[in-house]
Amino acid sequence: MCFWLCIIMSCFFSIIQANDMTVRGTQSAQMGIIVSHIGSQDDALVQLVDVIMHDVQASGQFYSKKHYFSVTPNKTQDIKQFFAQGYHFVLVVNRSKKKDDLEYRLFDTITGSMVAKASGLYHKRGKSIQGWAHHIAAAVWPVLTGQASMFSSQIAYCKEAVRSNGMLAKYICVADHDGSHEQIVVEVPTVNMAPRWNNDLSNPIILYSEHTNTNVRLVSIDTHKKRRIVSDFEGINMQPEFSYDGTMVVYCASRGDGCCHIYVYKDGSLAPLIVNEGNNVSPTLADDGHTLYFCSDFQTGSPQIYAFHMDTGKLRRITNGGYCASPSYCQKRKQLVYGKMMGGEMQLFLYDEKTKEHRQLTTSPGNKEECCWSPCGNYIAYAYTKGLQSRIAVFNLITRKERFITAASARCSYPAWSPCYETFPVFA
Amino acid sequence: MWRWLLSKNADKKTHVWMQFLLVSASIHVSVLFALFVLYRGRDNNASIVLDRSLLAHGVPVVIVARAPLAQTLCIVSTPPANQAKPQLLAQPATSVINSPSTSVVSTPSAKQSPKSAALPMQQTAQASAVKPTNIQAKTTVVKKEKPAAATIAKKEEPKVAPQKQQPVIAKKEESKIMPEKQQQHVAAKKVDEKKSDAPQKIVQQDAVKQQPIAPIAAAQSAIPEKAVSSIAQVLPTAHADQKAQINGAHAPEIDGPIIVAKDYREKTTIKKHLLLQQELVRVWHPPVGIAQECQCQLRVSIGSDGAVRAVHVLDSSGVLMFDVAARSALSSAQLPKWTWGTSIDITFS
C-alpha cells in the first residue's frame, strides 16, 4: 500500500513540478480602485473621499470611482462585485468611535478580503481635511505600489498679480501636489520670488527672496504667517538650500561684490564656500552632506553645472558646453536634474551620479526652468514658459507625461516642492 | 520456480499463496513497466521557461530527434502573440506531409502565410533528402521499363499533387524523364540497328540520371547529424543548405529565436506550454510604474471544467498591485484544456 502511495505521490509531484512557467509582460495597464465611505453623507467624509480619489489618480497608475456604503460591507460578495466592474481594490473610510480617529480599510476585490497592511486607524493630524486625506492615501500607497508617496507634500511657487494701483506684484503661493487648494502665503505688495522649504519635518518654513529698495533680502515665513528676515546683505540674498539633516544651509549672496557667491551657514557661523569671478547660483546639496552641486559661469562664460566636495575642496564640472542651469538633486534616486538649452529652448536633463551619464527627459516645445524634485523622486516640477504663458508643470517619471498644475491665465514661476511634513502645512 | 515449489512438496495452501504471490508480482511488474517505460510521466512534461519575445515573433518550434531518429525533422509554426487566437491553436494541426521519415506540421496563421506557403517546398527537399535510396530505385525502374516510364511519371503527378508531397521531385523527375524519352527514341532506333549495344547505353543513361539527385540526398541527409551536435547553430545552416539545394525555391527563413525540442514528447509539451503562455500573455498586463525586477510566483489550481479554483501566492512581489494584477490575469484567462484539473506554478514578471 505504502509502495503504491509513494509511486503515485512521486508521479503527482513530478507532474506538479513540471508545470512551471514564467510569463513576462511589457504592456502596462492602469488598475481600478473604489474609494468609498460608510455611514451618513457627511460633508467632511465626502471631501475626504474626493481628495483621496484625486491622490490615487495623480500618478496615472489607477483609475478611481467614488462609492457610498450605507452599512459596513460584511460579506465578501459586497466587495467582489467590484471586480466584475473592473476595479481591483476598494478603499473604505469611515469615522471611528474615537473622535480624533478615522478608520481606513483596503480590500482586494478578487478575494474580497481585507489587506491588513493597508488598513488601520488614522489619528487626525492638523485641522485640514485634505491633510487627513493625504495622510491616509500616503499610508495606503506604499503597500499598493511599493513606492513612497508625495501626497502630503506641497508645492510653493511665485505668482504674478497686478495691484489696484496698476503695479506688478509677485506673491508666494502654496498648493497641493496636483495644484488644488491654492493659498497665498505672502501677499506683500512687492516682488517676492524663489521660495524654498526647510527640512525640519515638524516645523515647516518657507524662505523666499523679497525685493526692497536697496537689495533682495532673504525672508522666512512659518505656518502662522510670521515673517522674519534671514539674510539682509547688500545685493542679492536668495536660493537657500538645507542639508538633509537640517544642520547646514547654503545660499547665494553677492554682498555688494557684483558677482553672486555661495555661502554656507553651519554651527552658527557664516562662511564663503564658492567664491570666484563668475556668478554662482542654484546650490543643491547631495544626501551625503559633503557634495554641493551648483551652477556657475566662471569658466566658460555660459552657465555650467559643477560638483564641489566640501571636505576636499575638489571642484568637478559635470556638463560640457551648452547653457545648463538650475540643478536639483534627488536623494531617493541619487540623480541630478537640470535644464539645458536645446535648439533655443530649455529642456530637462537627468544626470546619474553613479554612471556619470546624462539623459534628456523632455523634448516638448517650451522652456523648462527652475526644476525641483518631489520627495518621492517620481516627479519633477518646473516652470514652463512659452510665449506669454508661464505655468507650473509636473513631469511624471513613471508615465513620462507632463501636466500643468496652474491655470494658463496665471503667470507662475519658481516652483519648490516641500518634503512630507509630519503635519500637513496650512498657512493661516 | 513452480516446479521447484512442487518439488518441495508444499501443501495445497502454500501453493495457493504462492500462486497469488506470483500473479500479484506479475501485475506489479506490468503496471510499473507501463508507468515508467510506456507512460513516462504524462507526455514527458518538461519544465520550460518561455520568453514573451518568442511569441511576439511567431516562433516556430523545431523538433530535432536524437540519434536513433536522426532522420526526423519537424517544424511546428505558432501564430504570433499579437494575433493570438486560442481557438485556432486548439484546432488540430493540419499535417502536410506524412512521409515515413519526415513530417512538417503547420498551424494556420495570417502572419506566417508566406512561410507556410513555402513549407511544402522544404518538405519535398527533406523528403528527397531522407529517402534518397527510394528515389534512386524509382528512377532505375523507370529507366529499365522504357515504354512505361512516361506513363508512370504522368500517373505519379496526380497522386502527388493533392498530397502536396513532392512537387519539386515530380518536376525534377519530369524534367529528367523528358530527355529520357528522347534518348529512348534514339535508343529504340539504335536497338533496331544494333540490339547488342542497347543495355550498355541504358546503363550509361542511368548513371547520368542519377547524378543530379544523389548530391542533394547526400547533402541533406547530413542535416540531422549536425542538428544533434549543435542544435542552435545548425538549424540556420540546415535551412541554408536546403535553400541552396532547392535552387531558388522559397525555403522558410526562420528569423529570430526558435524553440528546439528533442523529441515528439517534448514537442507536445512545448506546444502545450506555448498555448498556455500565449493565453497568459494575452491577459497579463503588468501595472504601470512597477519596477522591472518585480516578479511573483503563483500556484493556480484549475478545476476539471477549466475554471480557476484557487490561486496561492508562493512568492509575493511585495507590491500589492502587482500580485493582484497577476491574480486578476489568471482569473480572466481562458486556460487551455490540457491544464484542466491540474495545478500550475506561474511566475509573472
Side-chain angles (χ1 to χ4, degrees), chain A residues 3-4 7-8 10-33 56 58-63 80 83-84 86-89 106-111 113 115-118 140-147 376 378-379 396-401, chain B residues 28 31-32 35-36 39 41-53 56 269 272-273 276-277 279-281 283-292 294-295 297 299-300 311 317-332 338-339 342-349:
Chain A
F3 173 70
W4 280 111
I7 287 173
I8 290 165
S10 62
C11 287
F12 174 74
F13 282 116
S14 69
I15 291 166
I16 290 287
Q17 284 179 349
N19 293 331
D20 286 346
M21 183 168 283
T22 301
V23 183
R24 292 190 183 91
T26 53
Q27 297 174 351
S28 46
Q30 284 186 320
M31 298 189 81
I33 184 165
V56 294
S59 68
Q61 292 170 275
F62 287 93
Y63 55 90
K80 279 184 176 180
F83 183 66
Y87 293 92
H88 302 85
F89 302 100
L106 187 74
F107 292 93
D108 163 11
T109 56
I110 298 175
T111 58
S113 58
V115 182
K117 283 181 185 175
V140 172
W141 194 254
V143 183
L144 264 180
T145 63
Q147 294 165 348
C376 63
N378 290 329
Y379 304 88
N396 187 336
L397 285 162
I398 296 168
T399 58
R400 302 264 155 190
K401 287 178 182 171
Chain B
H28 273 71
V31 169
L32 286 174
L35 192 69
F36 287 108
Y39 188 61
R42 207 178 193 184
D43 283 340
N44 192 24
N45 273 351
S47 177
I48 300 167
V49 178
L50 297 171
D51 195 335
R52 187 200 162 122
S53 60
T269 309
K272 283 176 174 179
H273 277 72
L276 178 60
Q277 170 116 356
E279 176 58 15
L280 291 173
V281 165
V283 294
W284 169 232
H285 305 296
V288 182
I290 299 296
Q292 287 188 344
C294 216
Q295 65 172 33
Q297 194 177 20
R299 175 165 292 169
V300 56
V311 179
S317 65
V319 179
L320 184 63
M321 68 188 293
F322 191 86
D323 293 353
V324 168
R327 277 158 49 200
S328 170
L330 277 176
S331 61
S332 58
W338 72 268
T339 62
T342 60
S343 180
I344 309 168
D345 294 351
I346 301 169
T347 305
F348 288 89
S349 59

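We name chains A, B, ... by the order of the sequence lines, and we start the count at 1 in each one. Predicted, not measured: the structure shown is a model, and the values here were computed from it.
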Testing the basics here: between [X] and [Y], what is the closest heavy-atom pair and its distance to 0.1 Å?
X	Y	result
A:F62	B:M321	CZ-CE, 3.7 Å
B:H285	A:A29	CB-CB, 3.7 Å
B:V324	A:H88	CG1-CB, 3.9 Å
A:L144	B:V319	O-CG1, 3.3 Å

Structural part of A:S59 lying under 4.5 Å from a heavy atom of chain B: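 A:S59 has no heavy atom closer than 4.5 Å to chain B.
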
Below 4.5 Å from any heavy atom of chain B, which atoms of A:L106 appear? Answer side chain, backbone, both or neither. side chain

Whether the side chain of A:Q61 engages the backbone of B:I290 through a donor-acceptor N/O pair (distance < 3.5 Å, no angle test) should be reported. no

So do A:D108 and B:R327 actually touch side chain to side chain, heavy atoms under 4.5 Å?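 The answer is yes, as the side chains (C-beta and beyond) meet within the 4.5 Å cut-off.
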
What's the spacing between A:K117 NZ and B:L320 CG if we round to 0.5 Å? 9.0 Å

To the nearest 0.5 Å, what is the distance between OH on A:Y87 and OG on B:S328?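 It is 14.0 Å, given to the nearest 0.5 Å.
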
Portion of B:S331 that has a non-hydrogen atom of chain A nearer than 4.5 angstrom: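 Looking at B:S331, just its side chain touches chain A.
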
